Trainee: 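Sending over a structure as structure tokens; questions will come in a sec.
Here the structure is a predicted model, which is why all the values come from computation and not from measurement.
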Amino acid sequence: LLSFRGELLVRRLIRELQSLHLVELIVVTGAHSANVESAIADLPVITAHNPAWEAGMGGSVATGVEAATSREVAPDAVLLTLADQPLIEAAHLRLLCQQGKEHPASIVAAAYEGTVGVPALFPSAFFSELQALKGHKGAKPLFARYRGNMLAYPIPEAAFDVDTPEDYQSLLKRE
């Protein structure tokens, strides 16, 4: 619910994703879910609440993938993104999706600061493992386990996220 360049971070990410013309956008909420849902109520998204959000990002990933796979038509892949990575733009996400189309059996992930992470595209073969995630590591265990079946693309902007008040102040200096 923080604002950057006059726009809430969650709305900014949704706008970037909408430009990709994906089938559906699912926003996973946790803390302050009512406020987040109210802030995006006018947007064409599906919300899924993770009631155990305090247990970590793994549960939120699982909640989102469960929501995606329970739709009338299950997706071929899911693109995991975070609203707290405000420097990620549609061009970055488009690259990951394009590579996913060209390599439909591989995980396609952002590479930054010597690691890989989100945003990342996961084909349906990984859905059951994503749905089983728990804890604070999110999808990191899958990146390690499937390194041989993963394409990593440099997206240095993915290294910046807003986790602390200091991070947010640093972001505001970029306005």
Trainee: Going from CD on E129 to CD on Q131, what distance comes out if it is rounded to the nearest 0.5 angstrom?
Mentor: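 One gets 11.0 Å once the value is rounded to the nearest 0.5 Å.
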Trainee: Report yes if some heavy atom in the side chain of Y146 is under 4.5 Å from a heavy atom in the side chain of S106; otherwise report no.
Mentor: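 Of all side-chain heavy-atom pairs linking S106 with Y146, none is under 4.5 Å.
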Trainee: Taking atom CE as the centre, does M150 end up with more than 12 heavy-atom neighbours from other residues, nucleotides or ligands that are less than 6.0 angstrom away?
Mentor: yes
Trainee: Checking side-chain contact (heavy atoms from CB on, under 4.5 Å) for the pair V65/F122: CA distance, chi angles, key distance, verdict?
Mentor: CA-CA 10 Å; V65 175; F122 288 86; over 6 Å; no
Trainee: Would you find a donor on one side and an acceptor on the other, under 3.5 Å apart, between the side chain of T63 and the backbone of G59?
Mentor: yes
Trainee: Yes or no on side-chain contact (heavy atoms from CB on, under 4.5 Å) for L171 and F160, after CA distance, side-chain angles and deciding distance?
Mentor: CA-CA 9 Å; L171 175 65; F160 183 84; 3.9 Å; yes
Trainee: Are there more than 12 heavy atoms of other residues, nucleotides or ligands under 6.0 Å from atom NZ of K140?
Mentor: yes
Trainee: Measure the spacing between OH of Y168 and CG of L2 and express it to the nearest 0.5 Å.
Mentor: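 Reported value, rounded in 0.5 Å steps: 5.0 Å.
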Trainee: At what distance, to the nearest 0.5 angstrom, does CD of Q98 lie from NE2 of H103?
Mentor: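 Rounded to the nearest 0.5 Å, the CD-NE2 separation comes to 9.0 Å.
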Trainee: Same hydrophobic cluster for L93 and I46, using side-chain heavy-atom links shorter than 4.5 Å among ILVMFWY?
Mentor: no
Trainee: Under 4.5 Å between side-chain heavy atoms, hopping through other hydrophobics if needed: is there a path connecting I40 to L20?
Mentor: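 Same hydrophobic cluster.
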Trainee: Please find the pair of heavy atoms, one from P86 and one from L9, that lie closest to each other, and give the distance.
Mentor: CB-CD2, 3.6 Å
Trainee: Do you know which two heavy atoms are closest between D42 and A39, and how far apart they sit?
Mentor: OD1-O, 4.0 Å
Trainee: Write down the atom of S33, the atom of H49, and the distance for their closest heavy-atom approach.
Mentor: CB-ND1, 3.3 Å
Trainee: Hey, are the side chains of F4 and V162 touching, using non-hydrogen atoms and a 4.5 Å cut-off?
Mentor: no
Trainee: Give the cluster check for V116 versus L80: same hydrophobic cluster or not, with ILVMFWY residues linked at side-chain heavy-atom distances below 4.5 Å.
Mentor: yes
Trainee: Going from CE on M57 to NZ on K137, what distance comes out if it is rounded to the nearest 0.5 angstrom?
Mentor: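 Going from the CE atom of M57 to the NZ atom of K137 covers 13.0 Å.
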Trainee: Go through the side-chain N and O atoms of D167 and S170 and say whether any donor and acceptor fall under 3.5 Å apart.
Mentor: no
Trainee: When clusters are formed by joining ILVMFWY residues with side-chain heavy atoms under 4.5 Å apart, either directly or through shared neighbours, do L121 and V78 land in the same one?
Mentor: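 No, L121 and V78 fall in different hydrophobic clusters.
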Trainee: Please examine the side chains of E16 and I88, heavy atoms only from C-beta on, and report whether any two atoms are closer than 4.5 Å.
Mentor: no
Trainee: Is there side-chain contact between R71 and V23, with heavy atoms separated by less than 4.5 Å?
Mentor: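 The answer is no, as the side chains (C-beta and beyond) never meet within the 4.5 Å cut-off.
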Trainee: Work out which heavy atom in Q85 is nearest to a heavy atom in P119; give both atom names and the distance.
Mentor: OE1-CD, 3.6 Å
Trainee: Does I107 share a hydrophobic cluster with L82, counting links as ILVMFWY side-chain heavy atoms below 4.5 Å and allowing steps through other members?
Mentor: yes
Trainee: Using a 4.5 Å cut-off on heavy atoms from C-beta on, say whether the side chain of L1 contacts that of V36.
Mentor: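 Answer yes - side chains close enough.
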Trainee: Please examine the side chains of L79 and L17, heavy atoms only from C-beta on, and report whether any two atoms are closer than 4.5 Å.
Mentor: yes
Trainee: Using side-chain heavy atoms (C-beta onward) and a distance below 4.5 Å, is Q18 in contact with P44?
Mentor: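 Side chain of Q18 against side chain of P44, heavy atoms only: contact under 4.5 Å found.
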Trainee: Do you know which two heavy atoms are closest between A105 and N149, and how far apart they sit?
Mentor: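 Smallest heavy-atom distance, with atoms named: O-ND2, 3.0 Å.
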Trainee: Main chain of R174, side chain of R5: is a donor-acceptor contact present, judged purely on distance under 3.5 Å?
Mentor: yes
Trainee: Considering non-hydrogen atoms only, spot the tightest contact between I26 and A48 and give its length.
Mentor: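 Minimum heavy-atom separation between I26 and A48: CG2-CB, 4.1 Å.
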Trainee: Decide yes or no for Y112 and I155: does some side-chain heavy atom of the first lie under 4.5 Å from some side-chain heavy atom of the second?
Mentor: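 No; the side chains remain at least 4.5 Å from each other.
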